[in-house]
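The structure appears below as structure tokens.
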Amino acid sequence: MTLMNVSRTITAVALASVFSLSITPVLADEYQDMSDPMAVYSQAGFGVTNKGLNFKLGQSYDTNNDATMAMHVLEAKGFAADSLNLKGDDSFDSLRYRHFNVNTESGLGAQIDVNWDFDNKIGSASYSIIQALPKMGAVQLYPLAGIGINVADIHSSLIDPEAKTGYEGSIGYTIPSSFALLGLYSKIELTDNIWLNYNPMYTSQLGGIESFSDLYGWQHEIAASYKINSQSNIRAFWNFGEANDGTDFRVEYNHQF
């Protein structure tokens with residue numbers, strides 16, 4: 001493992017440690033419905049993907065408001081890919097942090113979503129609102145809208161590969177583009193223990209460097225899930241679309257505390 005890979009792993013572990021100590025978890029009187037995309041609960045998860053192993057840690061916390069619930073979720077992705085003969089190296093290739101809160105009376109939620117890709121040295125930060133609509137038989141929909149920015153550690157060649165500046169190297173962290181986000185979470189109940197999700201998302205560049213337009217467009221997520229008991233489930237995901245770096249598959253186990 002290279003020094004850079006060790007650094008990524010230490011960063012992920014350190015963030016998880018700080019994250020777990022920085023908030024006061026809330027133990028609910030009863031377990032939340034883990035099939036609900038807007039459910040708030042403390043959790044831990046483990047996943048196997050075509051790009052390595054994923055780890056997830058989430059904690060709910062007291063908002064001091066009886067009408068609201070909130071949680072933090074940290075995910076470290078793409079670990080040990082090379083050792084498992086998968087796509088990638090043995091370090092974490094990306095981190096994702098989400099903060100989510102929901103008003104249980106109105107069904108309106110808000111989310112801050114921060115991602116960083118170590119391999120491509122680019123990340124994003126977005127804010128979106130989500131509204132739970134009334135259930136229609138076995139189907140429930142959760143439309144969302146948001147806005148965000150990209151952050152990148154840019155090399156001069158990324159801005160203008162043809163430029164003859166006499167210098168090539170890291171320019172530093174910049175905000176090369178901004179974007180708008182529209183999407184939908186959906187849940188389809190097949191049985192008491194099995195449900196499906198289809199979550200299409202569309203992003204559109206609002207401004208910035210034209211070469212970053214490849215980051216935007218349609219993204220699709222399809223998931224099939226099985227409830228083992230009130231605390232745990234197994235889920236299979238398929239992610240694809242023009243804004244994705246290839247097609248991703250993953251199977252994960254989630255446990256609620």
Side-chain angles (χ1 to χ4, degrees), residues 33-40 54 56 58 68-75 77 94-117 120 122-152 174-189 195-225 235-250 252:
D33 179 6
M34 296 175 74
S35 70
D36 183 351
M38 296 183 71
V40 171
N54 293 356
K56 177 167 60 177
T68 62
M69 301 175 67
M71 66 178 176
H72 301 272
V73 182
L74 179 66
E75 296 178 74
K77 304 177 182 181
S94 63
L95 288 175
R96 183 186 185 190
Y97 164 76
R98 290 183 295 134
H99 176 268
F100 179 74
N101 66 79
V102 61
N103 186 303
T104 56
E105 296 177 351
S106 66
L108 181 65
Q111 176 174 272
I112 296 172
D113 192 345
V114 180
N115 295 267
W116 182 256
D117 182 332
N120 296 310
I122 188 169
S124 65
S126 65
Y127 175 82
S128 58
I129 56 174
I130 309 169
Q131 177 65 56
L133 300 181
K135 191 174 181 181
M136 300 174 288
V139 178
Q140 189 161 12
L141 304 177
Y142 308 80
L144 66 87
I147 192 169
I149 59 171
N150 284 110
V151 178
T174 65
I175 299 176
S177 62
S178 59
F179 60 91
L181 166 67
L182 291 175
L184 178 75
Y185 289 106
S186 65
K187 171 189 168 184
I188 305 170
E189 290 183 355
W195 72 95
L196 302 176
N197 300 100
Y198 172 54
N199 309 320
M201 303 288 168
Y202 181 76
T203 51
S204 179
Q205 186 172 5
L206 297 177
I209 300 172
E210 185 177 351
S211 61
F212 278 74
S213 61
D214 291 342
L215 297 175
Y216 309 111
W218 282 104
Q219 301 179 64
H220 304 272
E221 180 176 76
I222 298 174
S225 306
R235 311 191 67 190
F237 292 86
W238 177 31
N239 295 87
F240 60 98
E242 57 190 344
N244 289 63
D245 181 16
T247 299
D248 295 338
F249 299 95
R250 73 183 188 276
E252 65 179 37

Legend entry - Within 6.0 Å of CG in Leu133, more than 12 heavy atoms from elsewhere: yes
Inset, instruction - Compare all side-chain heavy atoms of Phe100 with those of Ile130 and state whether any distance is below 4.5 angstrom. - result: yes
Legend entry - Close side-chain approach of Ile209 and Thr174, heavy atoms under 4.5 Å: no
Legend entry - With Ser106 via side chain to side chain contact (heavy atoms under 4.5 Å, CB included) - residues at least two apart: Asn103, Leu108
Inset, instruction - With sequence neighbours excluded, tell me which residues meet salt bridge (charged side-chain N to carboxylate O under 4.0 Å, His left out) with Asp117. - result: none
Legend entry - salt bridge (charged side-chain N to carboxylate O under 4.0 Å, His left out) partners for Arg250, two or more places apart: Glu221, Glu252
Legend entry - Gap separating the CG atom of Leu144 from the CD1 atom of Ile129, nearest 0.5 angstrom: 9.0 Å
Inset, instruction - List for me each residue that meets side chain to side chain contact (heavy atoms under 4.5 Å, CB included) alongside Ser213, sequence neighbours excluded, and say none if there are none. - result: Gln205
Legend entry - Ser94 (side chain) donor-acceptor with Trp116 (main chain) under 3.5 angstrom: no
Legend entry - Separation of Ile147 CD1 from Leu206 CG (nearest 0.5 Å): 5.5 Å
Legend entry - Residue from Val73, Val102, Thr68 passing side-chain contact (heavy atoms from CB on, under 4.5 Å) with Val40: Val102
Inset, instruction - State which residues pass ring pair (Phe, Tyr, Trp, His ring centres under 6.0 Å) with Tyr185; sequence neighbours excluded, sorted by chain then number. - result: none
Legend entry - side chain to side chain donor-acceptor pair (under 3.5 Å) partners of Asp248, counting only residues at least two apart: Lys51
Legend entry - Pairing residues for Tyr127 by the ring pair (Phe, Tyr, Trp, His ring centres under 6.0 Å) criterion, not counting sequence neighbours: none
Inset, instruction - Mind checking the CD1-OG spacing from Ile149 to Ser124? Nearest 0.5 Å is all I need. - result: 9.0 Å
Legend entry - Ala223: partners by side chain to side chain contact (heavy atoms under 4.5 Å, CB included), with sequence neighbours left out: Asn197, Arg235, Phe237
Legend entry - Reported CD-to-OG distance for the pair Gln111 and Ser128, which is rounded to 0.5 angstrom: 5.0 Å
Legend entry - Shortest non-hydrogen contact between Met38 and Ala132, atoms and distance: SD-CB, 3.7 Å
Inset, instruction - Not counting sequence neighbours, which residues clear side chain to side chain contact (heavy atoms under 4.5 Å, CB included) with Ile222? List them please. - result: Tyr198, Trp238, Phe240
Legend entry - salt bridge (charged side-chain N to carboxylate O under 4.0 Å, His left out) partners of Glu189, counting only residues at least two apart: Lys135, Lys187
Inset, instruction - Nearest 0.5 Å please: distance from the NZ atom of Lys77 over to the NZ atom of Lys56. - result: 9.5 Å
Legend entry - Student check: side-chain heavy atoms of Thr104 and Met69 closer than 4.5 Å: yes
Legend entry - Of all pairs that satisfy side chain to side chain donor-acceptor pair (under 3.5 Å), the ones with a partner from residues 138-147, not counting sequence neighbours: Asp36-Tyr142, Gln140-Tyr142
Inset, instruction - For His220 and Pro200, work out which heavy atoms get closest and say how close. - result: ND1-CB, 4.1 Å
Legend entry - Reported CD-to-CG distance for the pair Gln131 and Leu141, which is rounded to 0.5 angstrom: 12.0 Å
Legend entry - Residues forming a side chain to side chain donor-acceptor pair (under 3.5 Å) with Asn150, sequence neighbours excluded: Ser177, Tyr216
Inset, instruction - Please lay out, stage by stage, how Asn239 and Gln219 fare under the test side chain to side chain contact (heavy atoms under 4.5 Å, CB included). - result: CA-CA 7 Å; Asn239 295 87; Gln219 301 179 64; over 6 Å; no
